[in-house]
Amino acid sequence: MVLETIDWLSVIAFFVVSLVIGIVVARQASASISEYFLSGRNMPWWLLGVSMVATTFSADTPNLVTDIVRQDGVSGNWAWWAFLLTGMLTVFVYSKLWRRSNVLTDLEFYELRYSGRAAAFLRGFRALYLGVFFNVMIMATVCLAAIKIGGVLLNLTPVQTLLIASVVTVIYSSLGGLKGVLITDFIQFIIAMIGSVWASYVIVNLPEVGGLENMLSHPAVQPKLDLLPDFSRTETLIPLFVVPLAVQWWSVWYPGAEPGGGGYIAQRMLSAKNEQHAIGATLFFNIAHYALRPWPWIIIALSSMIVFPNMEAIQAAFPHIAPGIIRHDLAYPAMLTYLPHGLLGLVIASLIAAFMSTISTHLNWGASYVVNDFYKRFVDPEASDSSMVNLGRLSTVVLMVLAAILALYLENAIQAFRILLTIGAGTGLIFILRWFWWRINAFTELAGMVVSFFVAIYFELVHVRLGFEDIPGHYRLLWGVGLTTALWLLITFLTRPTSAEKLREFYLKVKPAGPGWDRIKRRMAENNEEIPVIEHNLSLEVLSVFIGSVTVFSVLFATGYWIYGAVITAMVLTIVSGLGALWLIIMWRRFSK
């Protein structure tokens with residue numbers, strides 16, 4: 001597809017703005033390692049919240065949603081909607097705990113919470129495991145989406161797409177540090193939302209689709225519209241709904257939806273002005289991520305089922321695309337080729353924005369692990385801030401190169417999504433309990449990480465080759481969670497607990513609630529030490545998690561039912577959403593005191 005001058009102006013203007021922001025804040029970002037990776041810990045909730053949303057609004061996310069809708073229907077999105085429960089747990093329980101920890105990265109937490117060489121090893125190993133291996137894997141899936149978008153919309157080869165998209169991202173993210181990322185994220189999110197909403201409106205009204213009413217009544221679309229799976233069909237109910245809601249959300253570690261917070265979400269919370277801003281940022285993120293963004297993508301995905309009913313139709317329309325990457329996720333960029341010029345340029349700029357916001361965050365986050373949790377901790381503890389900032393910039397370039405190379409070997413977004421879920425299966429409960437149960441130790445986390453990884457490798461690469469029948473993804477997940485959880489619990493009780501002094505220091509600094517710290521409080525009382533007053537109510541926080549989840553799901557479903565024309569159901573859910581929103585505002589203010 002050939003872009004016209006008006007389209008290129010939108011794309012070029014966006015690139016220029018991103019570069020200017022990186023250059024403007026480069027000097028401030030270079031002042032210290034805290035400025036480079038945490039923006040001086042002085043960021044407001046709204047900027048951090050938008051940045052979180054922009055990061056998860058990746059170039060591959062619309063493709064992933066399209067893939068899910070075309071294969072499993074709208075209800076298939078429960079595979080990631082279920083992570084809202086994790087997000088709300090972070091909002092009301094963990095966000096203030098992270099901010100109190102005052103660490104530079106979430107991996108620094110390990111030596112705040114655990115003791116001995118095991119804690120040091122865990123921190124260093126995960127710095128490379130998450131910062132390099134896992135991080136590169138995630139960025140590669142985003143790069144894969146860019147390859148497909150570049151091939152369909154711009155007739156670019158994979159290498160050309162990655163060179164153009166990566167260079168600008170690396171320049172501004174390496175120069176401006178986290179502050180540059182946050183400011184560009186804000187602009188990128190606005191562009192991305194305008195582009196996706198406008199594009200969905202135009203596409204659903206294409207002559208080929210025939211308008212919203214015609215789309216909803218089309219025989220190919222109607223079976224895909226349900227927001228909940230058919231409860232009479234266990235073959236779809238279990239993998240699409242039961243497993244995500246009953247097991248997946250609390251048991252799986254996945255970037256952006258880590259049980260107990262973590263990763264770039266923790267980085268944003270640690271960058272907040274105070275606990276109130278940390279809570280506000282994560283609350284806004286979960287509302288926008290789950291309730292506001294999905295429907296434009298879903299509408300385009302449903303429309304694509306009329307225009308491109310199967311993968312053969314996509315291949316026929318784009319014969320220059322390599323057959324190996326023709327999957328259902330390609331239907332999203334394929335539908336964008338129907339947009340008129342002018343809007344097409346804006347939408348392409350919005351997709352570039354989505355790509356750059358995600359990649360820039362992962363580059364800065366991954367580099368923070370490499371620099372702070374590996375290099376400074378184990379190689380050169382006396383390293384100056386300027387040298388660490390320079391190493392962070394070098395790490396940014398290396399991570400981008402590795403991700404681009406890996407992207408050339410992937411085929412579709414959902415493939416990588418499922419692999420990452422399997423690798424993290426069974427570790428999530430550790431990240432929840434480590435704040436509230438003194439007995440969790442460094443060996444617990446090591447066991448969970450190692451077992452979950454090898455279980456994933458076995459099911460992905462070994463099981464079928466041994467002659468066994470392939471196991472569906474949701475059963476792999478359950479096996480992974482069961483085996484990993486059983487083994488890390490066993491290791492926990494077979495190994496020495498964290499030292500009493502380290503547990504005491506952690507409790508005094510973070511002030512976690514709950515009965516899991518009664519043993520530590522008793523020891524402090526025996527030594528006539530003053531026990532800090534825990535101002536938050538864990539029961540009320542858990543209740544707020546439930547009400548918050550119901551509220552966001554109500555907004556999500558109300559939007560869907562308004563689109564479907566189910567007015568009464570939509571009105572009821574809208575009222576529930578309003579009442580829930582009032583509760584969330586009251587609790588935000590209460591928990592922030």
Side-chain angles (χ1 to χ4, degrees), residues 1-5 7-23 26 55 58-63 132 135-176 180-181 184-185 188 191-192 318 320-322 324-326 329-330 332-333 336-337 344-367 392-413 416:
M1 187 172 187
V2 179
L3 300 188
E4 294 185 354
T5 302
D7 300 316
W8 284 113
L9 287 175
S10 297
V11 174
I12 293 171
F14 175 73
F15 278 139
V16 170
V17 169
S18 298
L19 286 173
V20 168
I21 291 172
I23 293 170
T55 297
S58 170
D60 67 321
T61 313
N63 293 20
V132 179
N135 200 29
V136 165
M137 185 76 172
I138 296 164
M139 289 192 294
T141 65
V142 181
C143 290
L144 174 64
I147 289 172
K148 295 190 177 188
I149 292 168
V152 171
L153 298 178
L154 303 173
N155 294 330
L156 296 175
T157 67
V159 174
Q160 289 173 329
T161 299
L162 292 177
L163 281 175
I164 295 171
S166 301
V167 168
V168 175
T169 309
V170 167
I171 291 174
Y172 85 77
S173 58
S174 62
L175 286 176
V181 171
T184 51
D185 276 354
Q188 289 163 353
I191 295 173
F318 304 97
H320 63 285
I321 301 295
I325 64 172
I326 296 290
D329 61 344
L330 201 66
Y332 185 84
L336 299 183
T337 62
L344 178 62
L346 176 65
V347 170
I348 291 176
S350 75
L351 292 172
I352 294 171
F355 170 85
M356 292 171 65
S357 64
T358 302
I359 292 295
S360 62
T361 286
H362 279 275
L363 289 174
N364 186 270
W365 168 49
R393 288 171 172 156
L394 176 62
S395 300
T396 297
V397 175
V398 173
L399 290 171
M400 187 71 252
V401 171
L402 293 175
I405 293 172
L406 179 58
L408 299 174
Y409 294 92
L410 294 178
E411 294 181 354
N412 69 326

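One is the number of the first residue; the rest follow in order along the sequence.
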**OP:** Tell me, with the steps shown, if T337 and F318 meet side-chain contact (heavy atoms from CB on, under 4.5 Å).
**Re:** CA-CA 11 Å; T337 62; F318 304 97; 3.9 Å; yes
Subject >> CD1 on I147 to OG1 on T161, rounded to 0.5 Å >> reply: 7.0 Å
**OP:** Kindly indicate whether the side chain of S166, heavy atoms from C-beta on, has any atom under 4.5 Å from the side chain of L163.
**Re:** no
**OP:** Enter the distance from L408:CG to T157:OG1 here, rounded to the nearest 0.5 Å.
**Re:** 9.5 Å
Original post:
Which atom names give the shortest non-hydrogen contact between A407 and A140, and what distance separates them?
Top reply: CB-O, 3.4 Å
Original post:
side chain to side chain contact (heavy atoms under 4.5 Å, CB included) with L9: which residues, sequence neighbours excluded?
Top reply: T5
Subject >> Between CG on residue L399 and NE2 on residue H362, distance to nearest 0.5 Å >> reply: 11.5 Å
Original post:
Yes or no on side-chain contact (heavy atoms from CB on, under 4.5 Å) for V167 and M400, after CA distance, side-chain angles and deciding distance?
Top reply: CA-CA 9 Å; V167 168; M400 187 71 252; over 6 Å; no
**OP:** Find out whether D185 and T361 are in side-chain contact, i.e. whether some heavy atom of one side chain is under 4.5 Å from a heavy atom of the other.
**Re:** yes
Subject >> Which residues share a side chain to side chain contact (heavy atoms under 4.5 Å, CB included) with A404, sequence neighbours left out >> reply: L162
**OP:** Could you pull out the closest heavy-atom pair between G345 and D7, with the gap in Å?
**Re:** N-OD1, 2.9 Å
Subject >> Over all atoms of both residues, closest heavy-atom pair of D329 and N63 >> reply: CB-O, 3.2 Å
Original post:
Mind checking whether L363 and M139 have side chains closer than 4.5 Å, heavy atoms only?
Top reply: yes
Original post:
Any sub-3.5 Å donor-acceptor pair from T141's side-chain atoms to I138's backbone N or O?
Top reply: yes
Subject >> Distance-minimising heavy-atom pair for L344 and L336 >> reply: CD1-O, 3.5 Å
Original post:
With sequence neighbours left out, what residues match L346 under side chain to side chain contact (heavy atoms under 4.5 Å, CB included)?
Top reply: I191, I194, W198, L343
